Structures are given as structure tokens and as C-alpha cells.
Number of protein chains: 2
Amino acid sequence: MVNERYNRFKSNRQGTRPNYGTSRPKQHSSVGRVAAPSESNEPKLKIIPLGGQEEVGRNMTVFEYGQDIVILDIGMQFAEEDMPGIDYIIPDIRYLRGKERNIKGVILSHGHLDHIGAVPHILPQLGWPPVYASKMTLALVKRRLEESHLQQHLKSYEIKSANENLRFGNIKVNVFDVTHSIMDAIGVIIQTPVANIIHPGDWRYDLDPVTGKPTDFSHLARWNTKPIPSILMMESLGSTKEGHQISELDIFRTIKQVFEKTQGRIIIATFASMVERVSWIVSVAEQLGKKVALDGYSMKLNMEIAKKIGYAKFKSSTLIDIKRIRDYPDNKVVVVCTGAQGEDRAVLMRIANGEHRSIKLQKNDTVIFSSSVIPGNERSIQRLKDSLYRQCDNVIHKEIMDVHGGGHALIEDIKLLLRQVKPKYLLPVYANHYLLKECAKVAMSIGFPPQNISILDNGSIGEMTHQGFKISEQKIPIEYVFVDGLGVGDISHVVLRDRQILSADGMLVIVATIDGKTGALVGSPDIISRGFVYMKNNRLIEETRHKIKQILKGQNKQQLTDEMYIKDKIRNDIGQFLFTKIERRPMILPLLIQV
Amino acid sequence: MVNERYNRFKSNRQGTRPNYGTSRPKQHSSVGRVAAPSESNEPKLKIIPLGGQEEVGRNMTVFEYGQDIVILDIGMQFAEEDMPGIDYIIPDIRYLRGKERNIKGVILSHGHLDHIGAVPHILPQLGWPPVYASKMTLALVKRRLEESHLQQHLKSYEIKSANENLRFGNIKVNVFDVTHSIMDAIGVIIQTPVANIIHPGDWRYDLDPVTGKPTDFSHLARWNTKPIPSILMMESLGSTKEGHQISELDIFRTIKQVFEKTQGRIIIATFASMVERVSWIVSVAEQLGKKVALDGYSMKLNMEIAKKIGYAKFKSSTLIDIKRIRDYPDNKVVVVCTGAQGEDRAVLMRIANGEHRSIKLQKNDTVIFSSSVIPGNERSIQRLKDSLYRQCDNVIHKEIMDVHGGGHALIEDIKLLLRQVKPKYLLPVYANHYLLKECAKVAMSIGFPPQNISILDNGSIGEMTHQGFKISEQKIPIEYVFVDGLGVGDISHVVLRDRQILSADGMLVIVATIDGKTGALVGSPDIISRGFVYMKNNRLIEETRHKIKQILKGQNKQQLTDEMYIKDKIRNDIGQFLFTKIERRPMILPLLIQV
């Protein structure tokens with residue numbers, strides 16, 4: 001493997017480089033440069049990744065040709081660890097303001113929240129353009145809109161088969177089936193007079209599927225023609241991971257083997273969105289005469305939707321209510337639940353903590369994590385595993401058995417896709433910048449011409465004309481739009497910085513009652529602290545009170561009657577005092593009450 | 001691989017189980033049960049892991065035989081993400097109170113902070129017992145004590161060779177050389193009349209070292225004798241990772257290859273503690289006629305120490321000051337620095353952000369991350385990589401080339417150690433509980449008898465007598481001892497919870513001036529918020545002010561003069577009001593000022 005990896009490294013060092021645009025992107029810049037006037041009257045095809053801050057284009061991509069706009073996906077990004085209290089982030093759609101009439105349609109590739117989650121926030125702002133998606137995706141979008149009581153506004157069109165031709169003004173769109181970790185995922189072929197864009201969205205190969213035919217994207221090669229070249233937009237999340245993604249059939253076999261050999265109860269935690277896997281888990285249980293209890297709000301809801309639209313095929317009698325599991329012998333019980341990421345109040349955590357109403361863990365239970373670790377959750381999952389290992393003899397996870405495969409393509413999949421689709425141009429997307437560049441290296445390692453690879457940023461404008469593809473010098477300003485509770489976009493960086501300070505060392509409110517005329521201190525200052533030190537009998541608080549008195553005594557009358565001055569003085573001097581004493585920097589809020 | 005993994009899974013399901021103690025451990029319990037009186041007069045050998053909360057025994061282990069105590073390591077644990085503002089955690093040593101005279105010595109296995117970091121806090125509390133360690137470890141301990149101006153108290157003994165016999169009352173100790181990611185690591189053989197404990201500390205095999213002989217632990221087999229059996233305490237961090245740890249020679253070869261082929265400057269980020277690796281990086285540079293600039297406080301200090309004690313062998317003229325790198329052609333410059341974990345102010349981050357005084361990144365620079373990702377740092381490292389990939393064509397990391405191997409043993413190493421040492425008993429340690437159990441499974445998979453494996457917790461007492469090994473029913477209460485700035489142990493769970501609340505939704509101070517007699521509101525209440533909503537022109541704050549007035553108006557005179565009641569009322573009603581309005585739960589601090 002080393003040699004092959006080294007060759008990839010070398011292939012990047014031959015002097016040829018992909019096209020990374022002309023200027024270094026500024027993620028937080030608020031001023032875009034104005035582009036030079038267009039050379040011809042033929043409209044350009046513009047490709048603009050708008051959503052997400054680090055994973056380029058994952059949440060939302062705009063395709064614009066003349067007066068026609070088609071949008072792919074309207075998802076949300078989960079908050080990161082330096083954004084305390086933020087629920088999630090939605091795309092910055094300022095670019096679309098004033099262009100609402102041009103938006104001919106929104107296509108949603110699949111039902112994951114990073115692709116549909118911002119629909120309730122953004123569709124209303126865009127004037128409810130029609131939404132095109134497959135059956136499962138539409139069902140999930142409707143559910144998401146119902147949560148905000150907005151479902152009645154939705155104009156939707158269900159894409160029933162890959163053969164449909166959709167028309168959005170001068171843009172035509174065809175779709176194709178894609179394998180991903182959720183059912184009913186589709187890819188799109190965006191057709192314009194200057195290029196055909198092939199975008200599989202999130203994708204993987206399953207060369208060995210549990211049901212259906214192996215993935216084959218060779219049919220997409222026909223979109224690269226002499227007059228109209230094709231542009232492949234390629235998800236690049238797995239571009240540093242060797243090999244092919246593990247086949248779902250392997251996972252199926254491993255889990256089935258565990259089912260056959262296990263004598264006690266089986267508890268499987270997986271992602272609620274893995275509807276297909278949950279379906280075959282239920283089927284396997286059914287074959288072995290076991291009953292299945294689903295637990296977790298989104299897990300149950302997703303399976304209800306899948307059952308309703310005919311995607312989950314098993315007898316209704318196989319499912320039992322979680323409250324009834326004690327009515328069956330241990331070896332007939334399978335529980336499928338959420339919480340494999342160690343989320344605080346999710347089902348698996350409640351089971352582990354002994355707080356679940358119907359499940360008390362037993363030594364002979366088998367607990368399976370059929371999931372991967374989402375970065376940032378490592379520690380929570382370790383603790384959850386510790387707790388489960390203490391209570392059960394059989395805990396199985398990806399580290400020790402193949403009970404999960406991701407929904408994303410790995411290096412060999414990326415190569416195979418390129419070989420099958422044979423595009424003229426390559427735009428790696430849907431990952432951090434560094435992974436896009438690694439995807440470019442993978443492409444170059446199998447001979448893809450570097451000059452035909454371009455790396456976009458969110459807010460970059462990819463421009464396609466008959467002359468070819470280039471990245472515009474103009475860049476659209478993109479900012480984080482934070483959602484916190486019911487507030488959208490009202491959390492500024494100031495508020496976040498305050499939260500970070502508060503969380504690091506807490507805060508101290510100092511209330512000084514002041515004589516309105518002389519500015520002299522009346523009585524003793526009150527101090528309230530939270531998250532700083534434990535207040536009870538704390539000598540430091542007493543010393544701080546004394547220090548405040550000293551500070552105020554040291555001021556002349558003019559200074560004392562200058563409220564701003566006194567507040568600054570208290571903030572700075574007490575801040576310094578506390579840092580010297582205990583090396584902490586709480587937020588200090590001085591309050592002067594005049595009497 | 002699947003089959004082998006499955007066999008390991010099955011081997012755990014044959015009905016035989018290791019010894020996990022009699023009661024389910026309670027991590028935060030503060031009351032230990034009292035053990036039954038000892039059966040004989042022969043003293044028991046007690047093994048007590050005291051430090052760390054999740055990784056059993058990693059920070060500190062106590063060995064007690066009669067009136068003699070030997071301590072292995074006094075380290076610190078880094079804070080976790082639900083402990084905002086906490087610098088680190090030190091072992092809870094209440095068990096040793098009153099036993100200070102029995103502590104005959106402290107042995108430090110190697111110089112990493114999780115093994116020596118709590119020395120300045122704990123040695124003074126133990127009355128400065130003598131410290132035994134190898135040259136490099138002692139040098140690092142002295143430096144750590146100097147930071148707290150405590151070095152003059154240290155009584156230290158340098159362990160010069162593996163042949164020394166150390167005596168601590170009735171406990172004898174021999175040491176042996178161990179390969180780890182820091183120089184001069186040692187393992188110990190703790191000898192008592194009832195058992196010989198073999199503890200390699202943190203260890204790995206290097207079957208293909210850059211210099212010196214391949215690791216071989218066969219010589220440890222002789223400590224398992226008929227009258228006195230051996231107990232192997234085995235670090236288990238890698239017990240779910242297949243294969244052998246990658247050899248340092250492979251890393252050496254890969255990095256050397258990069259050095260030889262690279263035309264531009266080379267910037268290598270690694271851990272400051274990897275003194276050996278930094279040494280051979282400098283030597284390779286020297287051979288190729290390149291100059292090396294070290295950057296980063298701890299990197300420079302560690303190399304100074306290594307050079308001083310004769311561990312780093314290269315010409316002094318090979319090292320140049322970072323400020324002078326521009327005096328040399330690019331292809332003669334190597335920078336070795338800290339910051340590979342994406343730490344905010346570390347060297348590599350400053351380079352990436354364009355804030356480094358001497359290094360402005362160039363396209364043809366090669367940046368190497370010779371490091372692993374410490375869980376919790378994934379996102380910061382991704383951002384750092386993004387930033388570097390934007391500026392350089394050649395960024396190399398573990399994902400794409402073998403430029404780092406960890407300091408810990410993997411599954412095949414664990415098996416090899418067991419086969420070489422042939423202990424009677426096995427105690428997996430130095431990892432989360434779940435990994436200790438996986439280590440037990442690995443041992444069972446090669447035929448190690450389950451009844452001779454025991455899993456301890458921090459605070460568990462392993463008891464060895466001539467009758468054999470068992471885990472005592474008594475458990476020592478262990479709590480987190482937090483260090484925050486200069487405060488040690490003064491941060492309670494209340495303070496941490498407050499910090500979590502403050503960080504999630506910020507806070508709101510409500511100051512109401514009240515007529516001392518009637519309790520009626522005087523003027524309009526003041527509201528100060530931080531981390532809640534952006535204050536400027538915020539209508540919500542105005543509405544809140546109005547709501548407070550309403551609340552106070554609705555109270556009768558008796559209620560109004562009851563300060564506690566009014567404060568609770570404001571806290572609850574405004575909390576509810578804000579949640580309805582915006583679904584956030586800031587901390588609310590009502591302040592009543594009587595005039």
C-alpha cells in the first residue's frame with residue numbers, strides 16, 4: 001500500500017496542478033470582487049456551492065443558466081465544538097435575493113438532514129419554488145415541514161423513475177439511481193447547451209448488494225459528447241481511504257451470523273436514516289422467528305414512512321411494542337434503536353444508564369453498534385461502550401466486527417466512477433477542501449488531466465462556456481447562518497465569543513450601590529458568580545469585595561461620577577486581580593446602582 | 001480478518017468469563033464497603049489503580065505490601081469536552097492520607113505528562129518521597145517542578161541500567177527497557193513474597209528499530225516461578241486494532257524518501273515528546289546537507305534536554321535559529337515544530353494562519369504531519385489541513401503516507417507479549433474499560449485461561465496472596481480532582497454545570513430597583529445579557545422588560561416584600577417566557593436592589 005500511496009503523492013508533484021481559482025478564498029470575506037464583463041452573448045452556466053462552511057456544496061448547490069436557476073438540496077450543517085449552544089447552520093442564500101422568479105425548481109437528492117434539513121427555513125424565503133424528489137425523500141421533507149407547520153405550502157413533484165425528463169426553462173434534468181445509506185437516493189444530470197453536469201450526490205458503490213443489481217454508472221458516459229462535454233461533480237469524503245467501501249452484503253452476513261448464534265436478546269443501535277438496513281434486520285429476525293421492537297422517535301417514524309410507502313416489506317406481526325418485550329423469551333427478542341453516537345437522551349444511552357422503562361440490561365444480551373463514529377463523538381461513544389461492556393458480555397462494534405459500512409465512496413470507488421463515467425471535467429465536492437485536493441490526486445493518479453480538475457469553495461462561481469470551464473474571480477460572500485432555538489441568524493460572533501468566555505471561566509456580577517451625587521460607595525458591593533468558583537465560604541470572593549472598595553476609594557470625585565470610567569476600572573482591575581490570584585479569567589460585569 | 005475477529009467474539013461466548021470483581025463499580029460513589037478481615041497473617045499484596053477516571057491506572061498505580069508502598073507514575077488526565085475551562089485532572093490520593101510514611105518510593109515509567117504531569121501537585125502532599133526514574137524522565141520531571149518553583153524539594157534517584165536492584169522495604173524492584181514514543185521508557189518488575197508483578201507501562205514492540213536491537217520481552221518469563229507466580233499488567237489501548245504497530249524504521253524510510261525527493265522547504269509537525277524521532281530527523285537532514293530549525297517551546301526545551309544528557313547525537317551546526325531560515329536556499333531548510341493537533345496558538349497553526357514571524361508558506365513547501373489524531377481534535381485538524389492544502393501543494397499526513405506510528409501495542413503485539421512473558425495472571429490496564437475487556441478476549445483467543453484474567457477499575461483493590469489473585473469487595477472512593485488555573489479541587493460539579501448552561505444559551509442579569517417599604521418597582525428594570533441574543537435594538541429584551549413589570553405588578557404587598565419569592569418568580573416566569581419566545585434557556589440572575 002505504501003508504494004501506491006507514495007505514487008499518488010508523487011503524481012501531485014509533477015508540476016501540473018488542478019485549477020484552484022485565481023485568488024485564495026476568504027471564507028468570511030463580505031466583499032466579492034466584480035467580474036469582468038462576459039466575452040460573448042451566450043449565457044454562462046454557473047455552478048455555485050452555497051451551503052455548508054467546510055464541506056463544499058454539501059448542503060446546497062445552485063445551477064444557473066441565463067434566466068433559469070435549479071437548486072440541488074437545501075440541507076443544514078451541524079454545529080461544531082466552538083459554536084456552543086448553536087443547533088445547526090443553514091446556507092447563506094443572499095445570492096438568490098432578487099432572483100426568486102428565476103428559480104424553476106429545487107431537486108433533493110436524498111432524505112438526510114444535511115441535504116433537506118434547512119427546507120423549513122429556506123423554502124419560504126425563496127417563495128416556495130416546486131420541489132422534485134423521490135418518494136422517500138419527499139415523505140421525509142413533508143415530515144420536516146410538518147414540524148414547523150409549513151407543509152401546506154409545499155409544491156412537490158414525485159420523481160417516479162430514472163426515465164423522466166424534467167425541464168426547468170432552458171435547463172433539462174434527468175435523474176439516476178444512487179446507492180447511499182438511505183433509500184431512494186438519486187443523482188442528477190443537469191443539461192444545458194454548454195455542458196452536462198453529472199452529480200451523483202452522496203454515493204457509494206455496492207458491487208454486492210443485499211437485494212437488487214450491483215451499482216454500475218457506465219451509462220453516464222454517454223453524457224460526455226463532442227459538442228457538449230460532461231462535468232462530473234464527485235463527492236470526495238472517502239478520498240484518503242484505501243480500497244472499496246465494504247459491501248452491505250458483508251454486513252448483512254455478519255449480522256445474520258450473530259442473530260443465528262446468539263441465545264440472549266439482541267439490541268442493535270444504528271442511524272434512524274438507515275431504513276434499508278433496519279428493513280432487512282426485521283426480515284432476518286422474521287426468518288428466524290424473532291420479534292422486533294423499534295425504539296427511538298425518528299427510528300419509528302422513518303420505518304412508519306417506509307412501511308406506508310411500501311418500502312419495508314415484512315409482516316406487521318413481526319413488530320412488537322417495546323413495552324411487550326418481556327412477553328417473549330430472550331432469544332426471540334430483537335430491539336433496534338437509536339443512540340449509537342452516545343447522544344445524551346437517546347435510547348441506547350438510557351438503556352446503558354438503567355433509565356429505560358422496558359429494557360434492563362442482562363449479562364447475556366448482545367449489543368451491536370451498527371454505525372460509524374461521527375467525528376466529535378469519540379469520547380461519548382467510549383463512555384457508552386464502557387458502560388455497556390460492564391453490563392453485557394457481548395458488545396459488538398465496527399472495531400471488532402464488520403457490522404457497519406459507510407454510505408460513501410472510497411479511493412477505489414472514486415477511480416471506478418471516473419473510469420465508468422469518463423467525464424471531460426472533474427469537480428470534487430461534498431468534503432473539506434483538503435479531501436477535495438486528495439480526490440484530485442486520486443484522479444490524476446489514474447491519468448485524469450490536471451487542467452480539467454477544478455476545486456471550488458462555497459461561494460465560488462464555476463463558469464462553463466463553449467470555451468471551457470473556469471472559476472470566476474468573483475466570489476459570493478458566504479457567512480454562517482446560525483439557528484439557535486427559534487432564532488435564525490440572530491447569533492453573531494460576539495454572542496458566540498461571550499458563550500466561549502462564559503464556558504471557560506464563568507462570570508462575576510459586581511453590584512455597587514453608589515451615591516448619585518458624590519459617586520461614593522454605599523454599603524458593601526454585592527458579588528454574584530456562576531461557573532467561576534464555588535461560592536460558599538469562598539475567601540476569594542471576600543477578598544474581591546475588599547479590592548472593589550479599595551478601587552473606589554482610590555478615585556477622585558470626577559472619576560467617581562464617570563460611570564463608564566468606573567465600570568472599566570472595576571472590570572480591568574478585578575480581572576487582573578483574579579488572574580493573579582487564581583489564573584482564571586471570568587467575564588466581569590460591573591453594575592452601578594445610583595441612589 | 002473477519003473470521004479471526006469472529007472467532008475472538010465467539011471465544012468470549014463459551015461461558016467462561018474473566019474476573020470482573022464482585023460488584024458493579026460505581027465511578028462516583030463516595031462510600032466504599034469494608035472488606036472482611038484477612039484470612040492469614042501473611043500480608044496481602046495490594047494493587048490499586050488510583051489515577052485517571054476512564055483509562056484504568058494510566059496516571060497512577062499503588063503497590064502496597066504490608067507497611068511498604070511503591071507508587072508507579074503520578075500523571076494527569078486532560079479534561080474532556082463536558083468539563084469546560086478545566087485545565088486537567090489529577091489523581092485522587094485520599095487513600096494515601098495517613099500512609100505517607102509507608103511510601104518508600106515513586107517510580108516514573110517515562111516522561112509523558114499522563115505519567116508525570118501531576119508531580120508538582122501530589123509529591124508535596126505525599127511528603128516528597130524519593131523519585132526513581134531514568135535520565136530523560138528525571139530531566140523532564142525536574143523541568144515540570146521548576147515551572148512551579150518546587151525543584152529544590154525533589155529527592156531523586158537516576159536509574160542507570162536495567163541491572164540495578166532497587167529495594168523498598170519488603171518490596172524489591174527491577175526495571176527493564178521498553179520501546180515507547182518517548183526515549184528512556186522503562187517497565188518494572190515489582191517483587192514481593194506473594195507475586196512478581198510485571199508492568200511494562202506504555203509499550204510497543206519495535207521489531208525493526210531505526211537503531212538498537214528489536215524488542216524482545218522473553219527474558220521476563222523467568223519471573224513466573226513455582227513458588228512465586230507472575231502477574232502481567234498490560235497496557236490495552238490497541239486491543240481492538242489488528243496487526244502489529246508500524247515499525248519506526250518504516251516511518252524513517254518514508255520520511256527519508258520525502259527528504260530526498262523534495263526540492264522546497266520541509267516543515268514537519270510532530271509531538272514535542274518524540275525526542276527520538278526528532279533526533280533522527282535532524283540526523284537525516286544532516287546527511288543530506290540540510291539545516292534544521294526547531295520551533296515550539298516544548299520542542300526546543302525537550303531537544304535541549306536530550307542534547308544535554310547526550311541522547312541527541314548530531315552536530316550543533318545543523319541546528320539553526322528559525323529566524324535565520326531565509327539565509328538558506330529552500331531545499332536546505334527543514335523546520336520541525338509543534339502544533340500537529342491543530343492547537344490554537346501552536347507553531348503550525350500560526351504558520352497556517354500567516355501569523356508566523358519567520359515562515360510564510362509557499363506553494364512548493366512540503367508540510368508533514370508526523371503524528372496521530374488525538375480524539376477530540378478531529379475538527380481542528382481538518383481545518384488546519386484545509387488551510388495548509390490551500391497554500392501548499394504537498395501536505396503529507398498519516399492518512400496518505402506512513403509518516404507516523406503510535407507508541408502503543410496492537411493486537412498481534414499483545415499476543416506476542418503474552419507468549420514471551422508467559423505470566424500466570426493477566427491484568428489489562430491503561431485503557432477504557434471496554435478495551436480492557438477486549439484485551440482479555442485477545443488473551444483468551446490464544447488460550448490464556450479466563451479465570452486468571454482480572455479487570456480492575458480505578459479505586460479497585462487487586463489482592464494477591466498465596467491463595468491466588470482476587471478483586472476485593474472494598475472499593476476506594478475516587479473522584480475527579482480538577483485543576484483550573486491555580487485552583488486545585490475547588491471546581492465542583494455545580495460550577496461545571498453552571499459553565500455548561502452558560503455556554504449553551506448565555507445568561508441574563510435582571511436588576512430591579514425596589515422600594516424598600518412597599519416592594520414596588522422603582523423605574524424600569526435593567527437587563528444585561530451575554531451570550532444570549534445580540535443586545536443592540538433587540539425587541540426581545542424590550543418585551544422581557546415589559547414582562548418583568550407585569551410580573552411585579554401582579555404581586556400583593558406580602559409577596560413583594562419576600563425577596564426569595566420574587567426572585568424565584570422572576571427566574572421561573574421569565575425563563576418560561578423566553579423559552580416560549582425563542583426556545584432558549586439562558587441562566588437568569590434576578591437582582592433586587594432595595595432603596
Side-chain angles (χ1 to χ4, degrees), chain A residues 2 5-6 8-9 12-13 17 24 54 80-81 84-85 240 254 375-376 378-379 382 385-386 389-390 393-396 399-402 432-434 437-438 484-487 490 492 494-495 498-499 502-507 509 511 513 528 530-531 533-534 582-584 587 589 591 593 595, chain B residues 2 5-6 8-9 12-13 17 24 54 80-81 84-85 240 254 375-376 378-379 382 385-386 389-390 393-396 399-402 432-434 437-438 484-487 490 492 494-495 498-499 502-507 509 511 513 528 530-531 533-534 582-584 587 589 591 593 595:
Chain A
V2 176
R5 288 160 90 191
Y6 189 75
R8 213 159 66 242
F9 164 68
N12 187 38
R13 302 177 56 253
R17 290 204 289 118
R24 254 182 68 197
E54 296 189 357
E80 293 168 24
E81 61 277 29
T240 56
T254 311
E378 290 80 3
R379 298 294 272 289
Q382 279 182 347
K385 279 186 197 156
D386 278 354
Y389 270 73
R390 287 182 193 285
D393 281 347
N394 306 300
V395 185
I396 302 172
E399 285 173 54
I400 57 171
M401 218 181 277
D402 291 332
N432 275 57
H433 180 86
Y434 90 91
K437 285 212 175 148
E438 287 297 336
D484 178 7
L486 298 181
D490 69 332
S492 63
V494 178
V495 174
D498 281 349
R499 287 184 183 176
L502 286 167
S503 85
D505 283 321
M507 57 107 180
V509 182
V511 189
T513 313
I528 302 164
R530 290 288 186 278
V533 289
Y534 194 55
I582 192 163
E583 290 193 4
R584 293 180 198 163
M587 181 182 281
L589 291 174
L591 270 172
I593 310 290
V595 291
Chain B
V2 176
R5 287 161 88 191
Y6 189 73
R8 215 159 66 242
F9 165 65
N12 187 38
R13 299 178 58 252
R17 291 204 291 120
R24 254 183 68 199
E54 297 189 356
E80 292 168 23
E81 61 276 30
T240 57
T254 311
E378 290 79 4
R379 298 281 275 299
Q382 278 182 348
K385 281 186 196 154
D386 278 354
Y389 269 75
R390 285 182 194 287
D393 282 347
N394 305 300
V395 185
I396 302 172
E399 286 174 53
I400 57 171
M401 220 183 276
D402 292 331
N432 275 57
H433 179 87
Y434 90 91
K437 286 214 173 145
E438 288 297 336
D484 180 6
L486 298 181
D490 69 330
S492 64
V494 178
V495 174
D498 281 349
R499 287 185 184 175
L502 287 168
S503 86
D505 283 322
M507 57 107 182
V509 182
V511 188
T513 312
I528 303 165
R530 289 289 185 278
V533 290
Y534 195 56
I582 193 162
E583 290 192 5
R584 293 180 200 165
M587 181 182 282
L589 291 173
L591 270 173
I593 310 289
V595 289

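Throughout, protein chains are lettered first and strands after them, A, B, ... in sequence-line order, and every chain is numbered starting at 1. Quick caveat, the model's predicted, so the values are computed rather than measured.
- With rounding to the nearest 0.5 angstrom, the CE atom of B/M507 is 4.0 Å from the CE atom of A/M507.
- Among A/R584, A/Q382, A/R379, the residue making the largest number of heavy-atom pairs under 4.5 Å with chain B is A/R584.
- Here the CG-CZ distance, from A/L502 to B/R530, works out to 9.0 Å after rounding to the nearest 0.5 Å.
- With a 4.5 angstrom heavy-atom cutoff, B/V511 touches chain A only via side-chain atoms.
- In this structure, the separation between CD1 on B/I528 and CG on A/L589 is 6.0 Å, given to the nearest 0.5 Å.
- A/E378 touches chain B through its side chain: at least one heavy atom from C-beta onward sits under 4.5 Å away, while N, CA, C and O do not.
- Interface residue A/V494: only side-chain heavy atoms are found under 4.5 Å from chain B.
- At least one side-chain heavy atom of B/D505 sits under 4.5 Å from a side-chain heavy atom of A/R499.
- Here A/A504 is the residue among A/G506, A/G485, A/A504 with the most heavy-atom pairs under 4.5 Å with chain B.
- In this structure, OG1 on A/T240 lies 13.0 Å from CE on B/M401, to the nearest 0.5 angstrom.
- For a residue to count as touching a neighbouring chain, one of its non-hydrogen atoms must lie under 4.5 Å from one of that chain's; by this rule A/I582 touches chain B with backbone and side chain alike.
- Taking CD of B/E583 as the start and CG of A/D484 as the end, the distance is 10.0 Å to the nearest 0.5 Å.
- Shown here for A/P84 and B/S503, the closest heavy-atom pair between the two residues is CB-O, 3.1 Å.
- Nearest heavy atoms, B/V495 versus A/V533: CG2-C, 3.8 Å.
- Among all heavy-atom pairs drawn from A/Y434 and B/E399, the shortest one is OH-OE2, 3.1 Å.
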